[in-house]
**Q** 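One structure follows; several queries about it will come next.
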Amino acid sequence: MNSEVTWEIANTAARMVVEEGLEWGPAKKRAVKQLGLPARTALPDNDVLEAAVREYLTLFCADTQPAELRALREWALLWMERMEAFRPHLTGAVWNGTATRLSDIYIQLFCDDSKSAEIALIDRDVRYDVSSVNGFHGEQVDALSISSLCKPLGEAVGVHYLIYDADDLRGALKPDASGRILRGSVDAVRRLLAEPVPAKD
């Protein structure tokens with residue numbers, strides 16, 4: 001695939017991810033359409049899009065994004081601690097550092113009984129919706145989705161619990177092909193929050 005076209009798609013998608021809160025897959029497809037490219041145009045992989053998102057954040061959101069990211073991580077930690085019995089692991093943009101106030105929070109739970117997480121939410125009087133999403137092996141997994149008022153941001157954010165079998169946890173902790181850890185435990189998120197917020201120029 002032409003590298004110039006790849007980056008054009010990635011940069012256009014990155015703007016949609018940051019400015020509109022679009023998920024990565026839909027952003028890539030909309031970017032192809034917006035650029036007037038053929039529908040069958042090959043899409044940039046997630047590593048390329050992540051690089052474009054990080055560059056966009058550095059150029060246009062350096063004054064606001066670090067504080068927004070911290071607020072989302074604090075809120076994610078709260079929801080992880082509420083479900084600590086189910087081995088919660090934070091993933092997605094809030095984990096990898098590309099989140100803004102428009103980003104949702106994704107927490108993977110590793111359960112001995114797939115219904116036990118739902119029962120825990122019901123016991124806490126937490127309202128949620130159930131849907132199916134692609135898991136990290138491409139399989140369908142249940143997602144328990146909550147709209148939660150994020151007090152540090154002063155607005156509602158989506159919190160999604162993705163339900164996996166307890167046996168999936170060991171494989172989930174392995175680094176990807178680039179050596180990156182794609183999810184973090186409660187303790188890992190606490191360590192991120194212990195790091196100082198970068199000072200503004």
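Side chains are part of it too, since the values below use all heavy atoms of this structure and drop only hydrogens, waters and symmetry mates. Everything numeric in this text was worked out from a predicted model, so none of it was measured.
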**Q** Does the R73 side chain pair with the main chain of L193, one donor and one acceptor, at a distance under 3.5 Å?
**A**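 A pair under 3.5 Å: no.
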**Q** Measuring from atom CH2 of W95 to atom CG of L192, what distance do you get when rounded to the nearest 0.5 angstrom?
**A**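 Taking CH2 in W95 and CG in L192, the distance rounds to 5.0 Å.
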**Q** Pairs of donor and acceptor atoms involving the side chains of residues 22-30, under 3.5 Å and at least two apart or interchain, shall be tabulated with distances.
**A**
unit_1 : atom_1 : unit_2 : atom_2 : d
E23    : OE2    : Y106   : OH     : 2.7
K28    : NZ     : P44    : O      : 2.8
K28    : NZ     : N46    : OD1    : 2.8
R30    : NH1    : E20    : OE1    : 2.7
R30    : NH1    : E20    : OE2    : 3.4
R30    : NH2    : E20    : OE1    : 3.4

**Q** If you look only at distance, which donor and acceptor atoms sit under 3.5 Å apart when one is on a side chain in residues 154-175 and the other is two or more places apart or in another chain?
**A**
unit_1 : atom_1 : unit_2 : atom_2 : d
E155   : OE1    : R101   : NE     : 3.1
E155   : OE1    : R101   : NH2    : 2.7
H160   : ND1    : S145   : OG     : 2.7
H160   : NE2    : D104   : OD2    : 2.8
Y161   : OH     : W79    : O      : 2.7
Y164   : OH     : F136   : N      : 3.2
D168   : OD2    : D165   : N      : 3.3

**Q** Compare every heavy atom of C111 with every heavy atom of A117, then report the nearest pair and how far apart it is.
**A**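 So the two residues come closest at CB-SG, 4.2 Å.
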**Q** Hey, does the side chain of Q65 reach the backbone of G97 with a donor-acceptor pair shorter than 3.5 angstrom?
**A**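 Indeed, once roles are kept as given, a pair shorter than 3.5 Å links the two residues.
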**Q** With rounding to the nearest 0.5 Å, note down the distance linking OG1 in T91 to CD1 in I181.
**A**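 Taking OG1 in T91 and CD1 in I181, the distance rounds to 11.0 Å.
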**Q** Under 4.0 Å between a side-chain nitrogen and a carboxylate oxygen: does that hold for E195 and R191?
**A**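 Looking at E195 and R191, the cut-off is not met.
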**Q** Give every residue pair that meets the salt bridge (Lys or Arg N to Asp or Glu O under 4.0 Å) criterion with at least one member in residues 118-136, sequence neighbours excluded.
**A**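 Listed by first then second residue: K115-E118.
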**Q** Who are the side chain to side chain contact (heavy atoms under 4.5 Å, CB included) partners of S132, not counting sequence neighbours?
**A**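 Partners of S132 under the side chain to side chain contact (heavy atoms under 4.5 Å, CB included) test: Q140, D142.
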**Q** Go through the structure and list residues passing salt bridge (charged side-chain N to carboxylate O under 4.0 Å, His left out) with E8, not counting sequence neighbours.
**A**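 Salt bridge (charged side-chain N to carboxylate O under 4.0 Å, His left out) list for E8, sorted by chain: empty.
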**Q** Regarding S185 and D187, do their side chains bring together a donor and an acceptor under 3.5 Å, going by distance alone?
**A**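 No, no side-chain donor-acceptor contact under 3.5 Å.
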**Q** Test side-chain contact (heavy atoms from CB on, under 4.5 Å) on H89 and I107 and set out the steps.
**A** CA-CA 5 Å; H89 281 69; I107 299 168; over 6 Å; no
**Q** Quick check for you: to the nearest 0.5 Å, what is the distance between T41 atom OG1 and L35 atom CG?
**A**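 That separation rounds to 9.0 Å.
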**Q** Carefully, step by step, assess W7 and V48 under the rule side-chain contact (heavy atoms from CB on, under 4.5 Å).
**A** CA-CA 8 Å; W7 276 105; V48 172; 4.2 Å; yes
**Q** State the CD-CD1 distance between Q34 and I9, to the nearest 0.5 angstrom.
**A**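 Nearest 0.5 Å value for the CD-CD1 distance: 11.5 Å.
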**Q** Distance check, rounded to the nearest 0.5 Å: L182 atom CG versus L90 atom CG?
**A**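 So the CG of L182 and the CG of L90 are separated by 11.5 Å.
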**Q** Using the side chain to side chain contact (heavy atoms under 4.5 Å, CB included) rule, pick out the option among L57, V53, T12 that qualifies with V17.
**A**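 Checked L57, V53, T12 against V17; only one passes side chain to side chain contact (heavy atoms under 4.5 Å, CB included): V53.
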**Q** If you look only at pairs with a residue in residues 81-91, which of them pass as a salt bridge (Lys or Arg N to Asp or Glu O under 4.0 Å), with sequence neighbours excluded?
**A**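 Passing the test, one end in residues 81-91: E81-R190, R87-D112.
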**Q** Nearest 0.5 Å please: distance from the CG atom of L144 over to the CG atom of L109.
**A**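 Rounded to the nearest 0.5 Å, the CG-CG separation comes out at 7.5 Å.
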